[in-house]
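Right, one structure below, let's go through it.
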Amino acid sequence: MNGNQALKLTGIDALAFAGPAGFLDMTDLARARGVDPSKYLNGLGQRRMAIATPCEDTVTMAADAGARALEGFDIDPADIGTLIVGTETGVDHSKPVAVYVHELLGLDQHCRTFETKHACYGAMAGLTASMDWIASGRSRGRKALVIASDIARYGLNTPGEPTQGAGAVAMVVADQPRLLSIDPVRIGDYTRQVMDFWRPLYSKYAFADGHYSIQCYLDALVSARIDAVGERDDVLESLSACLYHVPFVKMAFKAHKRQLEMEFGGELSRDHTESWQLLSQSFERLVAPWLSLNADIGNIYTGSLFLTLIDLLRQSADSLAGREISLFSYGSGCGATYCIGNIVDGADRWRGALDPVAQLDARRRLSIEEYEALLADTELADRLERLEPSSYGLEGGLYYTGTRDHCRQYTRI
Ligand code: HMG
């Protein structure tokens with residue numbers, strides 16, 4: 001038996017998405033900003049973006065996604081021994097989102113619970129930490145619940161405005177996973193201090209050096225991949241899908257182009273028809289089919305990569321059973337991980353539990369006026385004593401309903 005075989009098979013055992021009840025259509029936004037809609041639809045690749053009301057925050061989305069993952073995959077909350085919430089939209093400087101979620105999900109008191117922050121990388125950090133926790137034997141047969149939950153806000157009339165979004169992805173990490181096993185050896189990391197995107201303590205809105213952030217992302221991809229699989233030029237041919245962090249859909253195309261260039265040994269350009277065709281075919285086969293949820297939801301920061309995994313599993317878990325895929329997580333600032341996973345045989349049985357399309361179909365299209373009013377209300381929401389979910393058209397669900405005596409209140413209505 002070699003070293004690899006002796007390692008425990010761990011990975012993602014359950015997955016679920018939850019997001020806000022409203023969305024903005026990208027054509028409406030483009031018209032309001034006097035921009036050619038084709039820039040947002042084709043240049044960035046986005047159709048819609050999820051918009052949270054002040055009553056839908058990181059905690060409510062995380063708890064909703066967590067409940068869907070546990071119920072949909074028949075997991076007893078008592079079996080969860082670690083809860084990690086990856087977020088860059090915390091609701092308190094000190095108190096972790098995870099501890100609210102721990103109570104809301106009714107988890108055991110002997111559960112290790114914490115929040116991870118590293119921009120969009122927080123959930124991947126939680127996933128790998130959970131794999132290590134299981135592999136070390138400290139889990140004692142229990143599972144980890146890792147939830148990515150975020151609201152992307154760049155502010156009105158900024159270049160980042162069309163790349164907003166909101167939502168949470170919950171994943172249960174376990175040995176003998178039912179959806180995706182992750183190779184504990186072909187996994188590579190990368191860290192570098194850069195100011196490409198950040199959100200100072202005094203701001204609800206992110207600051208981004210947008211074009212520089214794209215460069216930082218691509219540099220991280222190259223380095224993390226080399227750390228995972230070395231300088232090999234035959235990785236892509238053995239893969240059935242390449243999943244990327246998706247701040248906007250077109251970024252996945254740029255990333256895939258860079259990955260292919262690493263193997264091709266030179267720049268791929270529209271001017272060279274043959275090489276461009278190679279790129280288009282590879283992108284259409286390995287990347288494009290799993291970007292539709294991201295195009296309809298927008299950037300959900302920590303959860304974006306895992307949304308592409310949900311999209312893949314809901315469509316192709318059957319045909320890709322037993323096949324290898326790559327996953328690339330990037331968080332500004334910056335940190336990244338590239339790894340190889342394997343779709344578990346039988347994963348297609350769980351399609352119904354992880355497919356969020358019914359949720360998305362039930363969303364309400366917001367007008368530009370409603371969207372702008374929501375952003376203004378959000379500025380004040382942390383300090384208001386009473387918030388009324390019904391005033392935002394919200395009906396049944398768990399909502400943030402105001403802060404009393406400096407304590408956030410969560411109410412299920
Ligand atoms: P911009 O400068 O307004 O857009 O901002 P642009 O001029 O670069 O145009 C975008 C694309 O649309 C270009 O395509 C144009 O050619 C095309 P490309 O050359 O890139 O292929 N275009 C058109 N296409 C069709 N019809 C038209 C048309 N006009 C132009 N009429 C930018 C774009 C992404 C920079 C901005 O939205 C931004 O700053 N976003 C936020 C930062 C971001 O998303 N960075 C991504 C990498 S960093 C990351 O992923 C981490 C992050 O998720 C945060 C975290 O980790 O927490 C952001």
Side-chain angles (χ1 to χ4, degrees), residues 26-27 29-31 33-47 49 58 86-90 116-125 148-167 169 190-200 203-222 224 243-258 267-270 276 279-280 283 291 294-295 297-308 328-338:
M26 299 309 286
T27 306
L29 181 64
R31 294 212 170 104
R33 300 290 174 257
V35 171
D36 178 355
S38 174
K39 175 172 177 183
Y40 295 170
L41 299 173
N42 304 312
L44 296 175
Q46 294 302 132
R47 287 189 291 261
M49 60 189 191
T58 313
T87 185
E88 53 182 290
T89 327
T116 51
K117 181 180 73 179
H118 191 152
C120 297
Y121 181 70
M124 177 56 98
S149 185
D150 272 305
I151 301 174
R153 290 192 195 99
Y154 291 92
L156 304 181
N157 290 300
T158 60
E161 187 182 22
T163 64
Q164 299 177 118
V169 174
Y190 173 80
T191 300
R192 184 175 151 226
Q193 199 290 107
V194 289
M195 293 304 284
D196 64 331
F197 166 106
W198 66 103
R199 187 163 68 82
S203 175
K204 272 201 182 300
Y205 297 103
F207 290 72
D209 188 343
H211 291 278
Y212 177 55
S213 73
I214 293 173
Q215 196 48 54
C216 294
Y217 175 122
L218 295 174
D219 291 348
L221 169 62
V222 170
L243 308 185
Y244 298 98
H245 167 56
V246 185
F248 53 93
V249 160
K250 185 75 161 293
M251 188 69 223
F253 178 80
K254 293 177 191 293
H256 196 62
K257 175 170 177 284
R258 181 56 55 91
E267 204 189 328
L268 298 167
S269 140
R270 275 183 202 282
W276 199 254
L279 169 60
S280 304
F283 178 73
L291 294 172
N294 296 78
I297 294 168
N299 193 358
I300 58 167
Y301 287 161
T302 39
S304 287
L305 165 68
F306 303 102
L307 199 54
T308 67
F328 174 66
S329 170
Y330 176 76
S332 282
C334 70
T337 289
Y338 181 103

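Given the structure is predicted, the values throughout are model-derived calculations rather than measurements. Just follow the structure's listing: the first ligand is 1, and inside any ligand the first atom is 1.
- Regarding atom 51 (C) of ligand 1, its nearest protein heavy-atom neighbour is Ser332 OG, 3.2 Å.
- Between Tyr330 and Phe197, the ring center distance fails the sub-6.0 Å criterion.
- Between Tyr121 and the choices Thr116, Thr191, Thr337, the side chain to side chain donor-acceptor pair (under 3.5 Å) rule is met once, by Thr337.
- The CH2 atom of Trp198 sits 10.0 Å away from atom OG of Ser213, with the distance rounded to the nearest 0.5 Å.
- Using modelled atom types, one finds no donor on one side chain facing an acceptor on the other under 3.5 Å when comparing Thr308 with Tyr244.
- Residue-environment remark: NZ (Lys257) exceeds the threshold of 12 foreign heavy atoms within 6.0 Å.
- Checked against a 3.5 angstrom limit, the closest N/O atoms of Tyr154 and ligand 1 fall outside it.
- Using a non-hydrogen distance threshold of 4.0 Å, Phe253 does not register as a contact of ligand 1.
- Defined by atom type and a distance below 3.5 Å, a donor-acceptor pair is present between the side-chain atoms of Thr302 and Asp150.
- Of all protein heavy atoms, the one lying nearest to atom 53 (O) of ligand 1 is His245 NE2, 2.9 Å.
- Atom CD1 of Ile297 sits about 10.0 Å away from atom CZ of Arg47, to the nearest 0.5 Å.
- Under the 4.0 Å criterion applied to side-chain N and carboxylate O atoms, Glu161 and Arg33 are assigned as salt-bridge partners.
- Ser213 OG, 3.4 Å is the protein heavy atom nearest to atom 47 (C) of ligand 1.
- Among all non-hydrogen protein atoms, the one lying nearest atom 54 (C) of ligand 1 is Cys120 SG, 3.4 Å.
- Note that atom 15 (C) of ligand 1 has no protein non-hydrogen atoms nearby, at separations under 4.0 angstrom.
- Remark: minimum distance from atom 8 (O) of ligand 1 to any protein heavy atom is reached at His211 CE1, 2.8 Å.
- The closest approach between any non-hydrogen atom of Gly331 and ligand 1 is below 4.0 Å.
- Distance from atom 7 (O) of ligand 1 to its nearest protein heavy atom, with residue and atom name: Lys39 NZ, 3.8 Å.
- Under the 4.0 angstrom criterion, atom 27 (C) of ligand 1 counts as having a protein heavy-atom contact.
- Under 4.0 Å from ligand 1, not a single heavy atom of Tyr121 appears.
- Contact annotation for atom 40 (N) of ligand 1: protein present (non-hydrogen atoms, distance under 4.0 Å).
- What sits closest to atom 20 (O) of ligand 1 on the protein, heavy atoms only, is Lys254 NZ, 2.4 Å.
- Note on ligand 1: Glu161 sits outside its first shell, no heavy atom being nearer than 4.0 Å.
- Applying the ring-ring contact (aromatic ring centres under 6.0 Å, His included) criterion to Phe283, with sequence neighbours excluded, gives Phe253.
- Remark: minimum distance from atom 17 (C) of ligand 1 to any protein heavy atom is reached at Gly43 CA, 3.6 Å.
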